[in-house]
Amino acid sequence: LERTFSIVKPDATRRNLTGKIVAKFEDAGLRVVAQKRIHLTKAQAGEFYKVHAERPFYDELCEFMASAPIVAQVLEGEGAIAKNREVMGATNPADAAPGTIRADFAESVGENSVHGSDAPETAAIEIAYFFSGLELVG
Ligand code: GTP
Ligand code: MG
């Protein structure tokens, strides 16, 4: 089974939406095999999103990710990376398909409620950044 890394972002934890978001993952057949609530520093958010360091919204993105707690998760299932991204919907909620997390909950293209890994290589790096092997309980 494939694993992917997911974050419930600050806009969603602030609005107490963690359970509703996790329910959408579980309904799609994904299993939460690790989960923790943490409050990132801006530096930690910057390290996590460093692939976007040259983008104009990078500073705003790091500020946002450090603005409130997040819930970090490892999700497991068949085709978990693609399935997770399908359930999240498009980055910009205006483009997200009906019923997706971002269509239902996201506030803007920046404050878009969830993160999900985009490939097996990034999933492995992101999981290892947040969790030790002992914390992954399949
Ligand atoms: P992630 O799962 O969070 O990586 O989203 P994504 O893969 O759908 O989008 P991408 O990797 O391109 O962008 C990463 C994150 O940067 C997005 O989820 C947004 O939170 C933020 N972001 C992307 N585009 C913009 C933008 O135009 N403005 C702002 N403020 N934030 C943006
Ligand atoms: Mg991305």
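For ligands, and for the atoms within them, numbers begin at 1 and follow the listed sequence.
At a threshold of 4.5 Å between non-hydrogen side-chain atoms, the residues Tyr49 and Arg55 do not count as touching. Side-chain contact between Met65 and His115 is absent, with no heavy atoms from C-beta onward closer than 4.5 Å. Looking at Phe25 and Ile101, their side chains come closer than 4.5 Å, going by heavy atoms from C-beta outward. Proximity of Val71 to Thr13: side-chain heavy atoms (C-beta onward) are separated by under 4.5 Å at one or more points.
Within the structure, ligand 1 lacks Phe64 among the residues with a heavy atom less than 4.0 angstrom away. Ligand 1 has Arg102 within reach: a non-hydrogen atom of the residue lies less than 4.0 Å from it. Within the 4.0 Å heavy-atom cutoff, Glu111 does not count among the residues contacting ligand 1.
The nearest protein atom to atom 3 (O) of ligand 1, hydrogens excluded, is given as Tyr49 OH, 2.7 Å; this is a heavy-atom distance. When only non-hydrogen protein atoms are considered, atom 31 (N) of ligand 1 lies nearest to Gly110 CA, 3.4 Å. Remark: minimum distance from atom 19 (C) of ligand 1 to any protein heavy atom is reached at Val109 O, 3.2 Å. The single protein non-hydrogen atom nearest to atom 14 (C) of ligand 1 is His52 NE2, 3.4 Å, given as residue, atom name and distance. Residue, atom and distance of the protein heavy atom nearest to atom 4 (O) of ligand 1 are His115 ND1, 3.1 Å. Nearest protein heavy-atom neighbour of atom 7 (O) of ligand 1: Arg85 NH2, 3.2 Å.
Taking a 6.0 Å sphere around NZ of Lys50, one finds it holds 12 or fewer heavy atoms contributed by other residues, nucleotides or ligands.
A side-chain donor-acceptor contact under 3.5 Å links Ser67 and Arg14.
Below 30°, between 30° and 60°, or above 60°: for Tyr129 and Phe48 the angle between ring planes is below 30°, a parallel geometry.
For atom 26 (C) of ligand 1, the nearest non-hydrogen atom from the set Tyr58, Phe48, Phe57, Phe5 belongs to Phe57. Looking at Asn92, Thr91, Asn84, it is Thr91 that brings a heavy atom closest to atom 9 (O) of ligand 1.
Near Asn112, meaning under 4.0 Å from one of its heavy atoms, ligand 1 places the atoms 17 (C), 18 (O), 19 (C), 20 (O). Applying the 4.0 Å criterion to heavy atoms of Leu61 picks out, from ligand 1, the atoms 16 (O), 20 (O), 21 (C). Close approach of ligand 1 to Glu60 is summarised as follows: ligand atoms under 4.0 Å from at least one heavy atom of the residue are 30 (N).
Gln44 places a side-chain N or O within donor-acceptor distance of the main-chain N or O of Thr41, the cut-off being under 3.5 Å.
The side-chain tip of Lys36 does not point at the ring of Phe130 from less than 6.0 angstrom away and within 45° of straight on.
At a 3.5 angstrom cut-off on N or O pairs, Met88 does not count as close to ligand 1.
Sorted by first and then second residue, the pairs that involve residues 95-104 and meet side chain to side chain donor-acceptor pair (under 3.5 Å), not counting sequence neighbours, are Lys24-Asp104.
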